[in-house]
Amino acid sequence: MENLNVHLFHFCPECGAKSLATAGPTSFMCRTCNFKFYLNTAAAGIALIFNEKKELLVSRRRRNPAKGMLDFPGGFAEPGETMEACLMREVKEELALDIVSMNYFCSVPNVYTYQNVTYHITDFAFLCKVDDFTPIHPGDDVEDFYFKDPGRLEKSFFGLESPKLILERLWSMKPNFPPTKAGE
């Protein structure tokens, strides 16, 4: 795996010398002072929320990367935050919904480029239960939202790789599709 950020980082954050060199796919080493720094994998949560019609909640991204493309609700975990707390916060910020329970579904790798920095991400998907959809409205980085039959969604509708992988995992569960909702 190549270091996707080699074009961006040249100056050492420790000594200031223009002597950073790639030390691995996510690390750099200063040739002057031997300082080494890492762009470690980040964690993000993805909420798979089904309504009573067994339709899956998807959102349209308001910002780049993948502006205008479909995504699942969720986002990056903050330092010190559990994945469960991350999802509860993100779904509240993005759609004004309260998750009442959740069960782990799967994890998938992702690559996320933001402002020319490429991050390696591990996305953790959870089946989430919401009791009340009446307050739903787009917020934060969500342009719009839809409830869709997951069997009719196409991978090409999604702009990032991890939702495509999660959708494939959902499809592979037939005839037990959609999976049992969290909390039931």
Side-chain angles (χ1 to χ4, degrees), residues 41-119 121-171 173 176-184:
T41 300
I46 291 178
L48 302 173
I49 303 170
F50 290 87
N51 65 12
E52 66 284 346
K53 298 177 189 174
K54 298 185 178 184
E55 297 167 318
L56 182 59
L57 179 58
V58 295
S59 58
R60 185 166 307 284
R61 297 180 63 86
R62 182 179 299 196
R63 297 182 186 94
N64 278 319
K67 179 181 178 178
M69 302 295 289
L70 292 186
D71 202 355
F72 294 120
F76 290 103
E78 298 290 336
E81 186 176 50
T82 66
M83 202 50 58
E84 293 85 354
C86 164
L87 271 180
M88 292 172 77
R89 175 184 52 76
E90 287 284 349
V91 169
K92 186 72 165 179
E93 290 172 1
E94 291 181 355
L95 296 163
L97 295 176
D98 293 313
I99 294 174
V100 296
S101 63
M102 66 182 80
N103 291 321
Y104 175 79
F105 180 65
C106 69
S107 63
V108 294
N110 198 8
V111 175
Y112 189 93
T113 301
Y114 180 72
Q115 294 187 349
N116 294 321
V117 179
T118 300
Y119 301 92
I121 312 297
T122 299
D123 286 328
F124 296 86
F126 286 79
L127 296 166
C128 298
K129 185 174 190 310
V130 171
D131 283 340
D132 182 11
F133 288 102
T134 56
I136 194 170
H137 68 274
D140 195 29
D141 58 352
V142 171
E143 182 179 305
D144 207 351
F145 63 90
Y146 316 92
F147 285 96
K148 297 287 187 182
D149 175 345
R152 294 184 176 269
L153 286 169
E154 294 183 27
K155 291 189 317 183
S156 63
F157 297 166
F158 292 86
L160 300 173
E161 203 56 35
S162 62
K164 296 173 186 179
L165 296 171
I166 292 167
L167 193 58
E168 285 178 356
R169 181 80 61 93
L170 285 169
W171 290 339
M173 298 184 73
N176 299 322
F177 180 75
T180 303
K181 291 183 186 178
E184 291 184 357

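For this chain, numbers begin at 1 and follow the sequence in order.
Among all heavy-atom pairs drawn from Gly151 and Asp149, the shortest one is N-OD1, 2.8 Å. Taking both residues in full, the closest heavy atoms of Met83 and Ala43 are given as CE-CB, 3.5 Å, listed atom of the first, atom of the second, then distance. Here the closest non-hydrogen pair linking Asn64 and Ala66 is OD1-N, 3.5 Å. Minimum heavy-atom separation, Cys128 to Ile99: SG-CD1, 3.8 Å. Considering all non-hydrogen atoms of both residues, Val91 and Pro73 come closest at CG2-CB, 4.1 Å. Of all heavy-atom pairs spanning Gly159 and Met69, the tightest one is N-CB, 3.4 Å.
In this structure, CG on Asn110 lies 4.5 Å from CG on Asp123, to the nearest 0.5 angstrom. Atom SG of Cys86 is separated from atom CZ of Phe126 by 9.0 Å, given to the nearest 0.5 angstrom. Between atom OG of residue Ser162 and atom CZ of residue Arg169 there is a gap of 12.0 Å, rounded to the nearest 0.5 Å.
Seen from the ring of Tyr146, Lys148 counts as a face-on cation partner, given the 6.0 Å and 45° thresholds.
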Q: Any chance you could lay out the side chain to side chain contact (heavy atoms under 4.5 Å, CB included) test for Phe105 and Asn103, step after step, and finish with the verdict?
A: CA-CA 6 Å; Phe105 180 65; Asn103 291 321; over 6 Å; no

(Q) Would Ile46 and Ile166 count as a side chain to side chain contact (heavy atoms under 4.5 Å, CB included) here? Give the steps. (A) CA-CA 9 Å; Ile46 291 178; Ile166 292 167; 3.4 Å; yes

Q: Under the side chain to side chain contact (heavy atoms under 4.5 Å, CB included) rule, what do Leu70 and Ser59 come out as? Steps first, then yes or no, please.
A: CA-CA 6 Å; Leu70 292 186; Ser59 58; over 6 Å; no

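A perpendicular orientation is assigned to the rings of Phe76 and Tyr112, their planes being inclined by more than 60° (bins at 30° and 60°). The aromatic rings of Phe124 and Tyr104 lie tilted to each other, with the angle between the two planes from 30° to 60°.
By the 4.5 Å heavy-atom criterion applied to side chains, Leu167 and Leu153 are counted as neighbours. Residues Leu97 and Phe133 are in side-chain contact: their nearest non-hydrogen atoms beyond the backbone lie under 4.5 Å apart. Residues Asp132 and Asp98 are not in side-chain contact: their nearest non-hydrogen atoms beyond the backbone lie 4.5 Å or more apart. In this structure the side chain of Lys53 never reaches within 4.5 angstrom of the side chain of Phe147, judged on heavy atoms. In this structure, Phe145 and Leu95 have side chains that are in contact, with non-hydrogen atoms separated by less than 4.5 Å. Residues Ile136 and Leu57 are in side-chain contact: their nearest non-hydrogen atoms beyond the backbone lie under 4.5 Å apart. A heavy-atom distance below 4.5 Å is not found between the side chains of Val130 and Val100. Side-chain contact between Ile121 and Val111 is absent, with no heavy atoms from C-beta onward closer than 4.5 Å.
Other residues, nucleotides and ligands place no more than 12 heavy atoms under 6.0 Å from the CE atom of Met88.
Side-chain atoms of Thr122 and Thr41 form no donor-acceptor pair, as typed in the model, at a separation below 3.5 Å.
For the pair Arg60 (side chain) and Gly68 (backbone), a donor-acceptor distance under 3.5 Å is present. Judged by distance alone, the side chain of Arg62 and the main-chain N or O of Val142 form a donor-acceptor pair under 3.5 Å. Using a distance-only test at 3.5 Å, with no hydrogens or angles considered, a donor-acceptor pair links the side chain of Trp171 to the main chain of Pro150. Here the side chain of Glu94 pairs a donor or acceptor atom with the backbone of Gly74 at under 3.5 angstrom.
Using a 4.0 Å cut-off between charged nitrogen and carboxylate oxygen, Arg61 and Asp71 count as a salt-bridge pair.
Between Phe72 and Phe158, the ring centre distance stays below 6.0 Å.
Residue pairs meeting the side chain to side chain donor-acceptor pair (under 3.5 Å) criterion with at least one member in residues 78-88, sequence neighbours excluded, are Glu81-Arg89.
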